[in-house]
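Read the numbers this way: they start at 1 and go in the same order the structure lists the ligands and their atoms.
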Amino acid sequence: MAAIKHPIPYQNICQVSFDEQEIEAVTKLLRNPERLFRHRGEETSESDYLEKEVCALTGAKHALFVSSGTSALSCCLAALRIGPGDEVIVPAYTYIATAAAVIDVGGVPVLAEIDETLGLDPADVEKKITPYTKAVIMTHMQGVPGRLGAVREIAKKHGLYMVEDCCQAIGARYHGVYCGVESDAFAWSLNYFKTITCGEGGIFFARDDMAFQLGVCQSDPANLMWKSGLLDDGVVKPFSRAGYRANEMSAAVGRVQLKKLEGIVAKTRALKKHLIDNLNPDPKHYKLQYRDDPEGDAGISFAVICNSAEETKTMVEKLAEEGLELGSLYNAKGFPDRHIYSYWDSIMNKVSPTDAGYPWKDPAYKGNVEYSKDMCPRTLDILNRSLRLAINPGMSEVNMEEIAAAINAADASF
Ligand SMILES: *Cc1c(COP(=O)(O)O)cnc(C)c1O
């Protein structure tokens, strides 16, 4: 008899966490349409409150609510004055937006391998540093912090800025501190798929006062007019670029969701712990995804890495017999998953909207980065051997016990 006896409620976290409070927050604004613009002189907009509340919760110094996680990442890079001529190291496994944000500010993304954390491999980061490298962006995929300490050491040693893409790691901590807070800048996404959501939205965070002002400039060319406290002291010259101003209705929903965040991750963390506690401690065919700081894991996913590609195939078949449908993260014949660099066609082919070929052909760029679909073989190999499932607070302990039983049975069957 199959181990999975109860249907597993796979759903996005918001389908579990949304209630009347979000609906009320939006309708309240719609009844007062004059409140739909965030800049009204006094700093009492939903966006202003969201920014204060997220700093209070995370310990971050500065936050700006923007239109998406991608735009938040562009703000991070603008904040650190990254532009033409600069290389930025990004993981080969992250959403394409991480690399796109580098291109957006005129920089060149350089890809580094991942390791068994499914995050950046520190040794490969060090190998990818050139005289043009200015920053490293570390992504914590699916709520699991990577080897942040080791990557930070390398960045420090080589005088590089550290940026964290925390779009999938809202609520995750690293040795007790919210992911991102100890880096120069970091980004959250509040899109539909994330741990907390307002439909679409993002938050740009920075540590340094002046860096934050630069990121604010990136977000809205009229901020000089709207926002108080913008510097024009010759150090930060307000510049004009993009328009990432976000919707007040989204901010209102984001505030409600932020209040629920700790409760959501407490639940997902407990579920994941229960799953792991029920696994055979000495499996034959796989290892758990390596967690550098298990306590800080947000618990929104669970992953195993099988010992070989062959064993992965057999595990997938055996798990299906137990009623658990999982595919390897890298399924070359299936869906072109834009979290895997080999599917970033626009970047692999250095596609530029104009014949000038920016950013790769920018006269300021002296490097010679090359891309190819097989340039990060270790990343593809690890993803090919990785099986993962998403955890949401609507799941139960019984679901976790049955998933563990399915994995134990499949692992013991060959
Ligand atoms: C979702 C996501 C983004 C981009 O967020 P959007 O809000 O969709 O722009 C960036 N990086 C990672 C790792 C993500 O998962």
Note to self: Testing the basics here: between L36 and E248, what is the closest heavy-atom pair and its distance to 0.1 Å?
What the structure shows: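 Shortest heavy-atom separation between L36 and E248 comes out as O-CG, 3.5 Å.
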| query | Who are the side-chain hydrogen bond (donor to acceptor under 3.5 Å, both in side chains) partners of E310, not counting sequence neighbours? | reply |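 If we apply the side-chain hydrogen bond (donor to acceptor under 3.5 Å, both in side chains) test to E310, skipping adjacent residues, there are no hits.
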Applying side-chain hydrogen bond (donor to acceptor under 3.5 Å, both in side chains), can you list everything that pairs with K128, at least two apart in sequence or on another chain?
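For K128, the residues satisfying side-chain hydrogen bond (donor to acceptor under 3.5 Å, both in side chains) (neighbours in sequence not counted) are D124.
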May I ask you to say whether D48 pairs ionically with K52, meaning some side-chain N is under 4.0 Å from a carboxylate O?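 Salt bridge: no.
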Quick one: table the atom pairs, ligand 1 N or O against protein N or O, below 3.5 Å, distance rounded to 0.1 Å.
{"from": "ligand 1", "atom 1": "5 (O)", "to": "S189", "atom 2": "OG", "distance (Å)": "3.3"}
{"from": "ligand 1", "atom 1": "7 (O)", "to": "G69", "atom 2": "N", "distance (Å)": "2.8"}
{"from": "ligand 1", "atom 1": "7 (O)", "to": "S189", "atom 2": "OG", "distance (Å)": "2.7"}
{"from": "ligand 1", "atom 1": "8 (O)", "to": "N191", "atom 2": "ND2", "distance (Å)": "2.9"}
{"from": "ligand 1", "atom 1": "9 (O)", "to": "G69", "atom 2": "N", "distance (Å)": "3.4"}
{"from": "ligand 1", "atom 1": "9 (O)", "to": "T70", "atom 2": "N", "distance (Å)": "2.9"}
{"from": "ligand 1", "atom 1": "9 (O)", "to": "T70", "atom 2": "OG1", "distance (Å)": "2.5"}
{"from": "ligand 1", "atom 1": "11 (N)", "to": "D165", "atom 2": "OD1", "distance (Å)": "3.3"}
{"from": "ligand 1", "atom 1": "11 (N)", "to": "D165", "atom 2": "OD2", "distance (Å)": "2.7"}
{"from": "ligand 1", "atom 1": "15 (O)", "to": "Q168", "atom 2": "NE2", "distance (Å)": "2.8"}
{"from": "ligand 1", "atom 1": "15 (O)", "to": "K194", "atom 2": "NZ", "distance (Å)": "2.6"}

Without swapping roles, check the side chain of E87 against the backbone of V108 for a donor-acceptor pair under 3.5 Å.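 Checked: no pair found.
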Any pair counted as ring pair (Phe, Tyr, Trp, His ring centres under 6.0 Å), so long as it reaches residues 52-102, sequence neighbours left out:
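Ring pair (Phe, Tyr, Trp, His ring centres under 6.0 Å) check on residues 52-102 returns H62-F212, Y95-H339.
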